[in-house]
Amino acid sequence: MSSPDQAAHLKYLLRLADTSLILGHRLSEWSGRAPTLEEDIALSNIGLDLIGQARPLYAHAARLEGQGRSEDDLAFLRDPEEYLNLQIVERPNKDFAVTMARQLAYSTFAELAWSALKASRDPEIAGVAAKAEKECTYHVRHSAEWVIRLGDGTAESHARMQAGLDDVWMYTGEMFEVDDIDRAMIAAGIGFDASALKPRWTEAMREVIAEATLKMPGDGWMSTGGRRGVHTEHLGHLLAQMQVLPRAHPGAAW
Amino acid sequence: MYTQALSTERPAPASAVEDPALLARFQARIDAEERIEPMDWMPKAYRQTLIRQISQHAHSEIIGMQPEGNWLTRAPSLKRKLQLLAKIQDEGGHGLYLYSAAETLGVSREELVGQLLSGKAKYSSIFNYPTLSWADIGAIGWLVDGAAIMNQIPLCRCSYGPYARAMILICKEESFHQRQGYEIMMTLAKGTPKQKAMAQDALNRWWWPSVMMFGPSDKDSVHSDQAMRWKIKRFTNDALRQKFVDATVPQAHYLGLTIPDPDLTYDEASKHWITGPIDWDEFWRVVKGEGPCNKQRLETRRKVHDDGAWVREAAEAFAAKRRKAKRAAAA
Amino acid sequence: MTDQNNKPESLWPLYEVFLRPRNGLSHKHVGSLHAADDEMALQNARDVYTRRGEAMSIWVVPSKAIIASAPDERDSLIEPSTEERKPYRHPTFYDIPDEVGHM
């Protein structure tokens, strides 16, 4: 790990991997707690997809770093400020509407992002992207159906669904940011231009939200910083729980 | 997972309430190894026994998601995280297959879930024990799933078609569950002294409850004879328990762990491992509600049910709106 | 069930699930599930019954749309077509000399 490009590449991989892992972890918190048994199984499937996306990216990052760290070291032994996921995915599940709003907003973005990353010059990223794009297509379909059902369901579900969208909206801006790391990766043919995805994302969201008889939240102030290691209060708690065993037993194998 | 009917009420003998000719024909079909399908005639007691057993089995799968779920967010590697999430998800799926099988007997899932939530229905008492360390996840996979498999394989040949078919699906899917548990135990047993102590402690706490999972001893089991005659059950509780002990003791030795039973001996003549006396008082205490986690498990399930009510209502309201719109468009 | 205002799980209609394991085979019944609408039924079938990639194609059918024969109708519906009743529909009914070869 010496050239600046390699440092950017490593961070880029961690941004992708951390985002998938943290959202997968959040969805695993629904296991045994969903509104129906069928939905319990569906949420676990999405969680499995996401954690499955993260693994090869961590393994790739560990090899690229070349410091003898493993995929698990990267996942379980980094502090919150070293985590580079989007803030939107670390937000707590709250109720089912908030979870579905988060899922729709992220998955709609991720489907576009992975689609662009299929052309990455990093073959590992391209490989994950091909698989992940298909998974996200299903995640979008699943969450869109729920947003529509809840939006156009009862008065209570309508109010909750609107609150869910309003809750998540200020974390959607970060998805479309492009910083120096992104620019370096775009120039190297490894990364994608997230800012270019915004119009298609907005259109897709608008369509679902309209069918759900809900109001599109306005793009007001947007929270940001996750991809630089600046997080909401929630990530620290999530990691404290997730990392407890590897941290309590240094060097142990599991 | 747990498949022994646990009611202590003795059912009325089938012959007292049924047409003897129909009953004889039914028994002849069973004796000829024919499968009974949902629309076939069956004695009321056969139907009741199946509803009770299948729904207890389904409830056990659903409640069984909780003790393992307790460690899901703390699984210590990415691989273990994926395995555990997939395993708990399978258990939800198995609960669902079983509720489906029970529904073919003319009872609705809402009714069965209602019985669980009201505390009327039983489920395997093994899930009323807490998971206190990561090693418990290994012990559950190895011992609890191991015991479950012993129970479930003969059920693939159960006389009731939908139950047998659900069990075939379940057994196929569960083949990885016990192996992942044993692999966790192996890793811990070969690990640091602390990890090894963790593994031994888990074995100490899960051994006896697992042995008891096969249900009361044959001499105290009220349902055994009839269930055997109807081929709902193919082996007695004690026979399955012996099979489990014989298979498991050498596995513990391989791990270098000690079975917490000072009286455990190998009987050369019968080639069986003979356990010391089983504490049936504890078994019945836990079955009847005085286990460490009975209250907690049901409270959690009730809360999940209540929290999800508005979502289920909304989906129903939405479906009704769409049906209405479709009819209006067609008119 | 825990209280009056609380909708119980699965008042939703029952659907039967059929999977085609791979092209060239028929769809086969695998089980059932509950869903509020058809789209949910299809997604649930995918999530519940194909967790190991078991299907090339999924059918879901509302259980109440299935028209089934009753077991006691076997005598009139099926029995008249069995081999004992119409043996001439089965190849072993006909004697062809060995010299003619396989037919």
Side-chain angles (χ1 to χ4, degrees), chain A residues 24 27-28 30-52 95-97 99-100 103-104 107 111 130-132 134-158 160-161 207-208 211-213, chain C residues 1-70:
Chain A
L27 290 175
S28 80
W30 273 105
S31 173
R33 295 186 155 72
T36 68
L37 202 42
E38 284 86 346
E39 184 58 22
D40 210 298
I41 294 165
L43 290 172
S44 288
N45 262 351
I46 300 177
L48 288 167
D49 286 346
L50 288 163
I51 302 169
D95 69 5
F96 189 67
T99 296
M100 282 299 126
Q103 199 61 42
L104 179 68
S107 300
E111 187 188 10
K131 206 170 110 291
K134 290 187 198 127
E135 291 167 347
C136 289
T137 301
Y138 183 74
H139 304 170
V140 171
R141 178 174 167 183
H142 187 81
S143 49
E145 287 295 331
W146 271 115
V147 169
I148 293 166
R149 270 186 209 111
L150 297 178
D152 197 12
T154 61
E156 181 184 5
S157 71
H158 180 86
R160 282 183 187 254
M161 198 57 243
E207 236 173 76
V208 174
E211 198 181 338
T213 70
Chain C
M1 262 151 296
T2 45
D3 71 56
Q4 282 280 307
N5 314 318
N6 193 357
K7 284 275 169 168
E9 176 157 349
S10 88
L11 273 176
W12 296 350
L14 196 62
Y15 286 79
E16 301 299 323
V17 181
F18 300 81
L19 301 181
R20 184 203 295 287
R22 56 173 197 275
N23 284 355
L25 297 179
S26 305
H27 286 77
K28 185 169 171 267
H29 182 245
V30 291
S32 61
L33 49 77
H34 289 275
D37 54 57
D38 296 350
E39 170 66 21
M40 195 197 284
L42 195 59
Q43 291 188 17
N44 286 348
R46 179 257 193 201
D47 285 314
V48 172
Y49 286 100
T50 71
R51 297 196 302 287
R52 288 162 175 79
E54 291 92 335
M56 293 293 294
S57 158
I58 305 171
W59 286 354
V60 289
V61 181
S63 304
K64 63 171 196 270
I66 290 178
I67 297 140
S69 66

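Numbered from 1 within each chain, the chains take letters A, B, ... in sequence-line order.
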*Heavy-atom distance under 4.5 Å between the side chains of A:Met161 and A:Val147, does that happen here?*
yes

*asked:* To the closest 0.5 Å, what do you measure between CG (A:Leu104) and OG (A:Ser143)?
replied: 4.5 Å

*Which pair of non-hydrogen atoms, one from C:Ala55 and one from C:Thr50, has the smallest distance, and what is that distance?*
CB-CG2, 3.8 Å

_Within this structure, what is the CD-CH2 distance for the pair A:Glu39 and A:Trp30, rounded to the nearest 0.5 Å?_
8.5 Å

_Under the ring pair (Phe, Tyr, Trp, His ring centres under 6.0 Å) test, residues paired with C:Tyr49 that sit two or more places apart_ = B:Tyr97

_For chain A, which residues of residues 39-46 of chain C have heavy atoms nearer than 4.5 angstrom_ = C:Glu39, C:Met40, C:Leu42, C:Gln43, C:Asn44, C:Arg46

*Pairwise distance CH2(A:Trp146) to CD(A:Gln103) - rounded to 0.5 angstrom*: 14.0 Å

*Within-4.5 Å side-chain heavy-atom neighbours: A:Glu145 and C:Asp37*: no

*Taking A:Asp152 for the side chain and A:Thr213 for the main chain, is one N or O donor matched with an acceptor at less than 3.5 Å?*
no

_Atom pair CH2 (C:Trp12) and CD (A:Glu38), whose distance is rounded to the nearest 0.5 Å_ = 7.5 Å

*Atom CG of A:Leu27 and atom CG of A:Leu50: how far apart are they, to the nearest 0.5 Å?*
6.0 Å

*Taking A:Ser107 for the side chain and A:Val140 for the main chain, is one N or O donor matched with an acceptor at less than 3.5 Å?*
no

*Mind checking the CD-OG spacing from C:Glu16 to C:Ser63? Nearest 0.5 Å is all I need.*
3.5 Å

*What parts of residues 41-49 of chain A touch chain C if we use heavy atoms and a cut-off under 4.5 Å?*
A:Ile41, A:Ala42, A:Asn45

*Pick one of side chain, backbone, both or neither for A:Arg141, based on which atoms fall under 4.5 Å of a heavy atom in chain C.*
both

*By number, which residues in residues 21-33 of chain C have some heavy atom less than 4.5 Å away from chain A?*
C:Leu33

